[in-house]
There are 2 protein chains.
Amino acid sequence: MDTDQKIMQIPLPTLKRLPIYYQYLTKMEREGVRDVSCAKIARDLGLVAVQVRKDLQLTGAVGRPKTGYQVSRLMRALSSTLGYDNKTEMFLVGAGSLGKALMGYKRFQEYNIGIAAAFDASEAAVGLEIGGTPVLPLSKFPSLCHRMHVKFGVICVPAEAAQEVADMMVSSGIEAIWNFAPVTLDVPDTVIVHNENLTASLSILLNKYKTSHPESERD
Amino acid sequence: MDTDQKIMQIPLPTLKRLPIYYQYLTKMEREGVRDVSCAKIARDLGLVAVQVRKDLQLTGAVGRPKTGYQVSRLMRALSSTLGYDNKTEMFLVGAGSLGKALMGYKRFQEYNIGIAAAFDASEAAVGLEIGGTPVLPLSKFPSLCHRMHVKFGVICVPAEAAQEVADMMVSSGIEAIWNFAPVTLDVPDTVIVHNENLTASLSILLNKYKTSHPESERD
DNA sequence: TTAGTATCGATATAATATTATCGATATAAA
DNA sequence: TTTATATCGATAATATTATATCGATACTAA
């Protein structure tokens, strides 16, 4: 009854901030900090205290006046909300440079997330092992996916191949897709898609820069 | 006076959608489509027409009743708003697997964006050349950055080193930072920071999955 | 023990973003 | 030429998110 496992719909903007709080708390914990207030979190992360408090309330975390939140309890509330409690195994398709980078990304382990295997259509990639993750032939995906009950798929293939891979993932039992290809995937609405579009993201920076430096607009 | 270069503050949610429209239009153009309506865009991208129309209005694009928007003109409006018109050169620090993946990312070129050089503190990485981008010793960053008037920096170093790198970038003249390290950077507010946090992003998917599959919560 | 204060939690207000509505206009068909 | 209709552009209504305010509570120090 401590960390109430109530499932609730968390606003997306809040949801985007929660992992930031978690990472911040990891650092605090390492430094031996016991308790932390909204005011301090907000100051360190460039936010405002009220917003932090409201965000944290949505995770079921409770603080104490004058003291703030107990770091360890707050982290439990956050990790529960963010799904770090349960081990998450993912299958990745597309062992190009980005796919390889993700395979080698150590940080996922800290959150109980792992890339169980990678798959690629090209002979050249198959057989490699990156960061302990083997690259298997794409044809093995469906059977292995069913057998291992993997529910998370990562798409790192070029745009042209992405929909096809998504279809294969869905028919193999994948229920949530992390998509790095710059296309809008068409999947049943029982399947959750989260798009990661690096170029799109960079564009935001370009626009912000442009907007804040209008003088550079001379041409 | 056709594509009015007015600089205006575009709401962040809209700004995030604009590159998606652009990518979509690229595809349409390739397929030889001349005109496209909000309704079609919305249908294909999983949005609603009114929102698309409102977003596009902010770019200064004008459409015609019954016909929709002319693809080529719409793309010009978008590329202008998103800053694809001017060549953008970036300096990247941290030639680990993620840094290398970015260096090899062909797609940036389509948007007039390039990684001019990469920098790394380790001897092992220096001297490599990935996707045509050389890896130089970190010590060369300040002088080269000043000399080449590079204004965009990409941080791909571990969390511990990120602030230090950011400081160096700022003092070298960098004015906009694309940060892949999971830390909140402390920079002057004349410098724009855009954070890319892969773990945080993945967490959103975990939460969405968890929220939509409450039965898997049994433990 | 009591007064002072930092902080939370809840409620209220304001700002922002989304969605709905409707008149105006350009094309197509009668 | 006239009528019908798809679509835009603008305005209005709604929903969502962010911020401000304030009472309640727990710690600190006199």
Side-chain angles (χ1 to χ4, degrees), chain A residues 2-4 6 8-18 20-21 24-25 28 33-75 77-78 81 204 207-208 211, chain B residues 2-4 6 8-21 25 28 33-75 77-78 81 204 207-208 211:
Chain A
D2 183 6
T3 327
D4 195 350
K6 184 158 26 161
M8 54 168 75
Q9 184 69 10
I10 291 181
L12 193 57
T14 292
L15 193 50
K16 286 183 180 169
R17 286 187 295 267
L18 295 185
I20 315 291
Y21 299 140
Y24 172 79
L25 290 169
M28 288 298 114
V33 177
R34 277 280 174 79
D35 302 276
V36 67
S37 71
C38 286
K40 178 165 167 52
I41 297 176
R43 210 178 320 117
D44 291 344
L45 297 180
L47 303 168
V48 294
V50 196
Q51 186 172 53
V52 174
R53 191 150 55 236
K54 207 145 176 280
D55 287 345
L56 296 183
Q57 271 170 22
L58 290 168
T59 68
V62 283
R64 299 171 66 174
K66 189 83 182 188
T67 313
Y69 296 85
Q70 193 181 327
V71 171
S72 58
R73 285 185 56 184
L74 187 47
M75 286 184 75
L78 281 166
T81 304
I204 295 171
N207 175 280
K208 281 190 195 164
T211 308
Chain B
D2 184 5
T3 329
D4 195 352
K6 185 159 25 162
M8 55 168 75
Q9 184 70 12
I10 291 181
L12 193 57
T14 292
L15 192 50
K16 286 183 180 167
R17 285 187 295 267
L18 295 185
I20 314 292
Y21 299 140
L25 290 170
M28 288 298 113
V33 177
R34 277 280 173 81
D35 302 277
V36 66
S37 72
C38 287
K40 177 165 168 52
I41 297 177
R43 209 176 322 116
D44 291 345
L45 297 180
L47 303 169
V48 293
V50 196
Q51 186 172 55
V52 174
R53 191 149 55 235
K54 205 144 181 281
D55 286 344
L56 296 183
Q57 272 170 23
L58 290 168
T59 68
V62 283
R64 299 170 66 174
K66 189 85 181 186
T67 313
Y69 297 86
Q70 194 181 327
V71 172
S72 59
R73 287 184 56 183
L74 188 47
M75 287 185 75
L78 282 165
T81 303
I204 295 171
N207 176 279
K208 283 191 195 162
T211 308

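Values in this document were obtained by computation on a predicted structure and should not be read as measured data. Computed over heavy atoms, backbone and side chain alike; hydrogens, waters and symmetry mates excluded. To find a chain, count down the sequence lines: A is the first, B the second, and so on, and within it residues start at 1.
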For the side chain of Gln57(B), starting at C-beta, report the closest nucleotide among dC8(C), dG9(C), dA10(D). dA10(D)

If you find the nucleotide of DNA chain D closest to Leu12(A) and the one closest to Thr67(B), which residue's nucleotide is nearer the 5' end? Thr67(B)

Counting heavy atoms from C-beta on, name the nucleotide in dT27(C), dT21(D), dT21(C) closest to the side chain of Val50(A). dT21(D)

Could you check how far CG of Leu47(B) sits from C1' of dA17(C), rounded to whole Å? 14 Å

Residue Val62(A), side-chain atoms from C-beta onward, closest of dC8(D), dT18(C), dG9(C): dG9(C)

What is the distance, rounded to the nearest whole Å, between atom CG of Asp55(A) and atom C1' of dT19(D)? 12 Å

Is there side-chain contact between Arg17(B) and Val52(B), with at least one heavy-atom pair below 4.5 Å? no

What is the distance, rounded to the nearest whole Å, between atom CG of Asp35(B) and atom P of dT25(C)? 20 Å

Report the distance from atom CD1 of Ile10(A) to atom P of dT17(D), rounded to the nearest whole Å. 12 Å

What distance do Tyr21(A) atom OH and Leu78(A) atom CG have between them, rounded to the nearest 0.5 Å? 9.0 Å

Side-chain heavy-atom pair Leu15(A), Leu58(A) within 4.5 angstrom cut-off: no

Whole-Å distance between dA18(D) C1' and Leu58(A) CG? 13 Å

Are any non-hydrogen side-chain atoms of Met75(A) and Tyr69(A) less than 4.5 angstrom apart? no

Would you tell me if any nitrogen or oxygen in the side chain of Arg53(B) comes within less than 4.0 Å of OP1 or OP2 on dC8(D)? yes

Do the side chain of Asn207(B) and the main chain of Thr81(A) share a donor and acceptor less than 3.5 angstrom apart? yes

Among dT18(C), dC8(D), dT21(C), find the nucleotide with the atom closest to the side chain of Tyr69(B). dC8(D)

Is there, by distance only and without an angle test, a donor paired with an acceptor across the side chain of Lys66(B) and the base of dT5(D) below 3.5 Å? yes

Ignoring backbone atoms, test whether Arg64(B) places a side-chain nitrogen or oxygen under 4.0 Å from the OP1 or OP2 oxygen of dA24(C). no

Take the protein atom CZ of Arg17(B) and the nucleotide atom P of dT16(C), then report the distance between them rounded to whole Å. 16 Å

Assign each of Pro65(A) and Pro13(A) the nucleotide of DNA chain D bearing its closest heavy atom; nearer the 5' end lies the nucleotide of Pro13(A)

Quick one: label Val48(B) by what it contacts on the DNA or RNA (base, sugar-phosphate, nothing), any heavy atom closer than 4.0 Å. sugar-phosphate

Lys16(A) has an atom NZ; how far is it from atom C1' of dA17(C), in whole Å? 13 Å

Send over the distance from Gln51(B) CD to dA15(D) P, rounded to a whole Å. 16 Å

